[in-house]
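Worksheet for the structure shown next.
Just so it is clear: chains get the letters A, B, ... in the order the sequence lines come, proteins before strands, and each one is counted from 1. Side chains included, hydrogens not; waters and symmetry mates left out as well; all remaining heavy atoms used.
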2 protein chains.
Amino acid sequence: MQASRRATIIDVAREAGVSIKTVSRVFNDAPNVSAKMRQRVQEAANSLHYHPNIVAQGLVGRRSYLLGLFYENPSPNYVVELQRGAVERLQGERYRLIVLPVEKASAIADNILAYVRSAALDGIVLTPPASDNPVILERLSEAGFPFVRVAPTTAPDAGPRHVTDDAAAAREMTEYLIALGHRRIAVIKGDPSHPSTEARMRGFREAMAARDIEVAEALVEQGMFQFDSGQRAAQRLLERPDRPTAIFAQNDDMAAGAIMAAHDLGLKVSEDISVAGFDDSAIARMVWPRITTIHQPVFDMARAATDTLVAMLEDAPHEDAVEHPFSLVTRQSTGPVPGTS
Amino acid sequence: MQASRRATIIDVAREAGVSIKTVSRVFNDAPNVSAKMRQRVQEAANSLHYHPNIVAQGLVGRRSYLLGLFYENPSPNYVVELQRGAVERLQGERYRLIVLPVEKASAIADNILAYVRSAALDGIVLTPPASDNPVILERLSEAGFPFVRVAPTTAPDAGPRHVTDDAAAAREMTEYLIALGHRRIAVIKGDPSHPSTEARMRGFREAMAARDIEVAEALVEQGMFQFDSGQRAAQRLLERPDRPTAIFAQNDDMAAGAIMAAHDLGLKVSEDISVAGFDDSAIARMVWPRITTIHQPVFDMARAATDTLVAMLEDAPHEDAVEHPFSLVTRQSTGPVPGTS
DNA sequence: CAGATATTGTCTTGCGCAGGACAATTTACA
DNA sequence: TGTAAATTGTCCTGCGCAAGACAATATCTG
């Protein structure tokens with residue numbers, strides 16, 4: 001099935017009664033084009049519904065104007081924010097966004113170049129955990145393939161990056177929980193292949209150490225950043241005889257899972273058990289009680305990262321590292337430690 | 001910034017010591033190519049990391065191998081399912097998926113052709129409410145631009161479509177609520193610009209009429225398919241003196257909002273008030289109590305719709321209309337009417 | 001081994017556009 | 001009005017690949 005024939009630059013030239021070269025000059029913002037001519041060409045183009053064939057432009061310019069957004073299925077909310085940010089930046093640009101969801105980033109790390117080349121991408125936005133994958137970074141770097149990293153936590157010099165300070169954020173959340181009187185604080189860690197998992201853990205330990213509170217290693221559970229994993233981990237924690245008074249989940253999906261586990265066990269969240277999350281994704285305001293969390297500017301990071309990538313492709317100046325601010329958002333899932341008033 | 005030069009078909013021909021034509025024949029599965037030759041070319045291509053330049057192929061074939069997924073910001077869960085389905089179908093294909101989120105589909109309906117042409121798309125998957133937008137359908141049809149419709153509820157002959165029977169599903173849910181003893185059933189409608197909103201409403205009314213139960217129009221609230229709108233609508237409903245005993249929200253996000261409203265008012269969901277949703281999106285299992293809902297095969301529809309689109313583009317046979325089954329999923333957000341045992 | 005068939009090669013064109021080199025024409029300015 | 005500067009036009013090449021026409025070999029069959 002074929003769409004009807006598109007107008008070409010030749011048609012526009014004929015319609016406007018000017019040379020092809022002139023049409024080309026108008027569409028490429030060449031200098032020394034009179035306003036009159038510009039208008040005439042524009043009108044002819046409009047009447048023919050002409051748009052430059054971006055494929056042909058790509059062939060000439062050895063570029064496709066296609067950017068890839070590479071991600072491994074984390075929570076839907078995170079993905080949607082990433083996409084919103086990237087797409088917003090590309091509004092009105094020639095660049096278009098291709099989505100590249102993968103099951104496991106590490107599984108295709110070796111073939112990352114084949115992956116981006118066969119899709120004819122100009123550049124790629126890497127999100128966690130791909131943004132920390134040494135093989136991916138190495139392959140792309142040595143091939144000189146343009147990329148930007150969103151929220152990496154390791155290898156600071158491996159490429160332009162947009163980050164938040166995961167450790168500091170986790171520290172702040174932990175301090176908040178401590179201030180509420182909590183001492184037996186459990187942690188549900190995220191996917192171990194995401195280095196941010198370790199960064200958040202580090203922040204937690206630092207805050208605990210600063211107050212001379214011992215971390216009960218038995219209360220550190222492994223999760224996978226997904227709802228179910230958080231629910232299961234919380235269930236194990238809450239069934240312990242020495243139940244923690246607070247659970248710090250490393251993202252909101254797992255925190256929501258923890259809240260679900262508490263409900264299922266008949267525990268009152270906030271009164272019997274405090275639950276904190278991380279990310280401030282949409283789910284944090286959709287469960288009851290609403291989740292105390294760290295607001296991460298995922299949208300902003302994605303938009304800024306895309307901006308950096310475009311700048312790189314256009315040989316424009318760009319920042320090499322941008323740190324985006326986080327903030328603690330207190331809601332109703334956390335409260336003072338039980339037994340106090 | 002430029003990536004390092006890619007190998008071309010010429011390089012492969014030289015490396016393999018064969019003609020360019022032969023390389024071309026191998027990569028395009030031409031007949032009459034010996035296995036020996038095929039292998040020699042493959043090896044040369046591998047050693048050079050050669051991939052056919054899809055942009056050049058596109059120029060020759062007057063196609064871009066780019067498909068668009070067009071959607072208006074409904075719930076993140078719905079979007080993610082759509083994308084998963086579409087991407088899954090394109091695994092291993094030359095086609096790539098471009099995401100086209102828009103604020104309001106109706107706002108760009110007039111320019112839909114400019115939209116798809118400037119992005120050089122080969123075809124487009126329309127999702128609600130765009131899949132029902134008469135202007136969009138008209139423009140695309142008269143231009144002969146390939147598209148598929150996901151879950152439209154109107155204009156059955158306006159193009160290939162993958163649907164579920166919204167009315168029947170709503171009927172089944174309503175019957176279920178009636179069977180639980182509910183009579184005062186409120187409805188939170190979805191975005192009025194989505195025709196599925198009316199289809200679901202129709203199913204509701206039919207089920208009520210079949211049991212001779214009068215629909216209390218005061219209990220029909222307008223929502224927008226989003227969490228907040230559901231929460232606000234439910235708040236209004238629950239503060240009425242003649243509170244309904246059940247709320248049927250037309251999607252899960254709004255149902256989750258309704259549950260939130262109930263929590264905030266200190267009402268026990270299922271015991272004091274039943275809440276039903278629609279879609280069976282991820283959120284339905286993430287709030288407490290878990291939401292009784294209609295399972296819609298969004299993933300399957302998106303995958304099948306993409307399959308149809310590809311078939312259209314390849315001039316292969318394809319179905320013109322496929323109906324995908326729904327199913328009632330009972331969870332804990334619904335229960336017998338209060339006051340009974 | 002001759003003729004038929006299968007395979008590989010040569011040559012050419014064109015997809016739609018960008019942009020260099022330079023000539024022709026128009027416009028601006030003194 | 002004359003000359004310089006600005007604008008528009010002509011001509012041409014090439015981006016990487018597909019595919020048609022057809023010639024040159026290679027392989028198979030009886």
Would you say [N] has OP1 or OP2 under 4.0 Å from some side-chain N or O of [X]?
{"X": "B/Ser34", "N": "C/dT8", "answer": "yes"}
{"X": "A/Asn53", "N": "C/dG16", "answer": "no"}
{"X": "A/Thr22", "N": "D/dT7", "answer": "no"}
{"X": "A/Tyr50", "N": "C/dC17", "answer": "yes"}
{"X": "B/Gln57", "N": "D/dA18", "answer": "yes"}

Between B/Tyr50 and B/Gln42, do the side chains contain a donor N or O and an acceptor N or O under 3.5 Å apart? no
Taking atom types as modelled, is there a side-chain donor on A/Gln83 or B/Gln83 under 3.5 Å from an acceptor on the other? yes
Categorize A/Val33 for me: base, sugar-phosphate, or nothing, with a 4.0 angstrom heavy-atom threshold over every strand shown. sugar-phosphate
Nucleotide N/O of nucleotides 3-5 of chain D paired with protein N/O under 3.5 Å:
none

Please enumerate all residues that pass side-chain contact (heavy atoms from CB on, under 4.5 Å) together with A/Pro195, with sequence neighbours excluded. A/Asp132, A/Thr153, A/Thr154
Nucleotide N/O of nucleotides 19-24 of chain C paired with protein N/O under 3.5 Å:
{"residue": "C/dG19", "atom": "N7", "partner": "A/Lys21", "partner atom": "NZ", "Å": "3.2"}
{"residue": "C/dG20", "atom": "N7", "partner": "A/Lys21", "partner atom": "NZ", "Å": "3.1"}
{"residue": "C/dG20", "atom": "O6", "partner": "A/Lys21", "partner atom": "NZ", "Å": "3.1"}

Which nucleotide in the list D/dG16, D/dA6, D/dG9 gets nearest to the side chain of A/Leu59? D/dG16
A/Thr308 and its side chain to side chain donor-acceptor pair (under 3.5 Å) partner, picked from A/Glu319, A/Arg303, A/His162: A/His162
